[in-house]
There are 2 protein chains.
Amino acid sequence: MTLVSEDNTETLNAPAIAQQSVEPTRKPTIMDVAAASGVSYATVSRYLNGNPHVSAKAARRIAAAVKATQYTPNNAARSLVRQRTQTVAFVVHGETDSIITDPNISTIMVTANQRLGDAGYQLVTLIADTPQACERIARLASSGFADGWILNSFHTDDALFNTFRELNVPIAISEVGYGSQSPFPTVDIDNAASSCALTKHMRDNGYRRIAYICGPDFLPCSTERLAGFRTVMGDDFDPSLVVSAADWSRGSGSAAIEQLLSRLAEGSSNRPASSLLADHHIDALMCGNDCIAVGAMQYLMSHGVRIPDDLAIAGFDDSPDAISSHPQLTTVHQPIEQFGICMADMVLDQLEGRTPQRIHMLDTTVIERESTAR
Amino acid sequence: MTLVSEDNTETLNAPAIAQQSVEPTRKPTIMDVAAASGVSYATVSRYLNGNPHVSAKAARRIAAAVKATQYTPNNAARSLVRQRTQTVAFVVHGETDSIITDPNISTIMVTANQRLGDAGYQLVTLIADTPQACERIARLASSGFADGWILNSFHTDDALFNTFRELNVPIAISEVGYGSQSPFPTVDIDNAASSCALTKHMRDNGYRRIAYICGPDFLPCSTERLAGFRTVMGDDFDPSLVVSAADWSRGSGSAAIEQLLSRLAEGSSNRPASSLLADHHIDALMCGNDCIAVGAMQYLMSHGVRIPDDLAIAGFDDSPDAISSHPQLTTVHQPIEQFGICMADMVLDQLEGRTPQRIHMLDTTVIERESTAR
DNA sequence: GTGAAAGCGCTAACAG
DNA sequence: CTGTTAGCGCTTTCAC
């Protein structure tokens with residue numbers, strides 16, 4: 001049998017082919033490829049970058065040489081000359097690692113990664129959990145480490161945040177509750193409106209006197225959610241039925257409800273929680289988020305309050321907690337995947353010269369579950 | 001009042017000071033700083049890199065110029081000339097986003113980040129959840145994107161894994177269950193020994209006939225854990241009481257126990273689960289990990305089996321599931337934080353010319369909880 | 001279509 | 001102590 005091969009008689013004067021045994025194994029450069037394929041390195045560069053002005057023959061030889069030398073272009077060199085890194089940094093901000101365990105963050109990360117990957121960018125995640133880490137990241141940000149930045153769970157008073165204000169690089173942020181005030185392109189949900197919707201739902205179901213556990217005071221989204229609640233409650237709003245949780249955790253949820261109960265008790269000790277609630281005609285409880293709700297619920301149930309019979313409870317976020325709890329939680333669902341996609345798009349818009357939306361509000365929906373069933 | 005100033009009469013011929021209004025706002029380079037401070041840019045570079053051969057006066061002027069121009073060194077340029085990026089990549093591997101939600105992974109990430117940060121490196125996380133993403137990352141790996149690599153949850157048959165084999169870059173891996181076979185420096189627990197310890201604990205507590213739900217068959221750590229169990233069980237080991245779960249999830253845990261029960265039933269339909277277990281004198285169940293255990297436990301409890309009265313159950317990993325379940329799970333604890341620290345150290349060792357340990361086995365401890373209480 | 005040459009911004013000898 | 005010079009590996013004019 002005879003194999004006819006079009007034109008592969010070219011020999012490679014490959015000096016780098018069998019170099020693997022040499023000690024430091026210097027990475028082959030574009031020069032090595034050029035030498036091995038007998039063309040100038042400019043031609044190799046053209047070939048590598050898909051420039052059409054490369055003859056078929058040259059292309060063939062270069063392809064062979066690339067394979068033989070196992071060449072891959074150097075990242076730093078390319079970034080330097082192109083003034084582009086082809087990466088977008090995803091900054092996760094938070095004191096503890098709790099923020100990273102947050103399933104929302106991971107989902108956002110994964111979806112953003114997908115979107116950016118399709119556009120030819122690599123998403124890299126950075127953790128800003130200590131002052132040192134923040135400083136490092138700030139330095140990276142102003143040294144062209146990434147072409148674009150996606151920032152999560154930033155506070156208004158954040159130092160890193162201010163670094164970015166002065167930087168003038170493509171950015172997208174989420175969930176800071178800035179609303180239309182944000183200095184950067186933002187994707188968020190309308191916390192006030194969503195809270196309104198949920199409160200309305202509760203009212204429609206007949207709940208009249210509703211207590212409220214607010215999220216951390218210093219966060220805009222906490223106050224916006226409370227504001228939505230207040231709006232719908234109107235004259236029925238009773239400030240004495242509002243307490244604030246220290247953070248978004250279950251623990252602070254139970255602490256908050258305990259505080260509210262002792263406030264209701266007003267010295268009269270040892271009243272059971274359920275009669276305390278009954279005395280004040282409280283028929284429902286709304287919470288800043290699902291975790292707080294679950295924490296409060298666990299506390300109440302372990303003190304003999306039946307949910308939803310004695311008291312209805314609603315959360316916010318539709319996190320996994322909302323489903324894994326017993327009873328399952330009525331809550332507000334937000335399209336998490338969209339956060340990642342929208343932020344990625346906002347960064348891509350800026351990267352590609354388009355003007356990004358200043359703020360993208362995502363739709364939410366009220367999810368009715370057992371915890372408020374009549 | 002008179003302020004005496006030592007020597008700050010120097011004027012800066014700063015051309016870049018008020019450039020902010022110009023359109024494209026070109027980033028200041030080391031040249032701009034040099035020009036503004038009246039020294040050569042080599043001196044600026046020296047100053048920036050802490051080289052002691054810079055006069056106090058020059059240092060002062062340069063410091064002022066740096067501030068005035070808001071200069072920050074360019075990352076790509078520095079990486080190119082230094083042949084170092086000062087970053088270590090953390091690759092999270094997995095088909096879905098479930099892997100990232102895994103609290104273990106986040107803890108490892110956070111601790112590794114801390115350690116590497118202290119050593120002057122920036123940890124960057126990459127998600128390898130699709131073939132395209134893997135390919136992108138493989139390309140980055142061979143183009144000097146990072147100085148070192150930390151790989152998580154890789155399978156033996158992994159394409160990315162093989163890319164790294166040929167790359168000869170600083171690497172550390174974890175949890176692949178390779179044991180001493182690993183081609184890379186590895187940190188892991190001794191799955192077999194840990195499983196032995198747990199099984200022994202069960203035996204010491206009087207449990208004789210123990211069923212076993214194995215983790216995914218294709219994973220070395222699954223089979224190692226099973227092997228440890230088998231060793232201790234000795235002649236009491238009964239292969240007919242072993243089933244495999246499809247993955248590490250709760251769902252496959254309940255599926256597996258259902259399968260085992262139907263095997264035990266052998267056609268005799270409608271026997272309650274508890275009497276089925278009693279007939280076969282099964283007094284305990286051990287599982288490949290906590291999630292599987294919880295899944296099995298939920299299934300059994302909803303079919304009338306009392307835990308631990310009718311059947312004791314033990315998990316593995318000491319994940320949050322082990323504590324949040326009712327009853328809480330007896331399990332094997334592993335020092336998760338150490339995974340991150342050890343992998344970081346292994347990479348640092350290689351980065352700094354030391355020879356890393358080939359394999360670092362972390363200590364585990366058996367944690368006794370309610371699910372096996374006598 | 002291809003090669004020569006000029007940088008991208010920076011570090012690191014090397015002379016002075 | 002400081003300036004000059006030569007690259008790091010690559011892209012991109014600009015001639016030919």
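By convention in this document, chain letters (A, B, ...) are assigned in the order of the sequence lines, proteins followed by strands, and residues within each chain are numbered from 1. Note that the coordinates shown come from a computational prediction; the quantities given were computed from them, not determined experimentally.
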Checklist entry - Using a cut-off of 4.0 Å on non-hydrogen atoms, how would the nucleic acid contact of A:Ala58 be classed: base, sugar-phosphate, or nothing? => result sugar-phosphate
Item to check | Nearest-0.5 Å distance that lies between atom CD1 in A:Ile62 and atom OG1 in A:Thr43 | outcome: 6.0 Å
Next on the checklist: Looking at A:Asp32 and A:Arg26, is any side-chain nitrogen of the basic one under 4.0 Å from a carboxylate oxygen of the acidic one?
Outcome noted: yes
Next on the checklist: Need one value for A:Ser45: base, sugar-phosphate or nothing, where a base atom within 4.0 Å counts as base even if backbone is also close, heavy atoms only.
Outcome noted: base
Checklist outcome for this item: Of A:Gln83 and A:Pro52, the one whose nearest nucleotide on DNA chain C sits closer to the 5' end is A:Pro52
Item to check | Short side-chain donor-acceptor distance under 3.5 Å, B:Ser143 and A:Asn74 | outcome: no
Next on the checklist: So A:Tyr47, base contact, sugar-phosphate only, or nothing? Heavy-atom distance under 4.0 Å.
Outcome noted: nothing
Checklist entry - On DNA chain C, which is the earliest and which the latest nucleotide, 5' to 3', with an atom closer than 4.0 Å to a heavy atom of chain B? => result C:dG9 to C:dA13
Checklist entry - Are a donor atom and an acceptor atom from the side chains of A:Tyr47 and A:Arg60 found within less than 3.5 Å of each other? => result no
Next on the checklist: When you compare the side chains of B:Asn75 and A:Arg139, does any donor N or O come within less than 3.5 Å of an acceptor on the partner?
Outcome noted: no
Next on the checklist: On DNA chain D, compare the nucleotides closest to A:Thr29 and B:Val39; which residue's is nearer the 5' end?
Outcome noted: B:Val39
Item to check | Polar side chain donor-acceptor pair, A:Thr72 to A:Lys27, under 3.5 angstrom | outcome: yes
Next on the checklist: For A:Ala89 versus A:Ala146, what's the shortest heavy-atom pair and its separation?
Outcome noted: N-CB, 3.7 Å
Item to check | Nucleotide interval of DNA chain D bounded by contacts with chain A (heavy-atom cut-off, under 4.0 Å) | outcome: D:dG9 to D:dT13
Item to check | Closest heavy-atom pair and its distance - B:Gln86, B:Asp147 | outcome: N-OD2, 2.7 Å
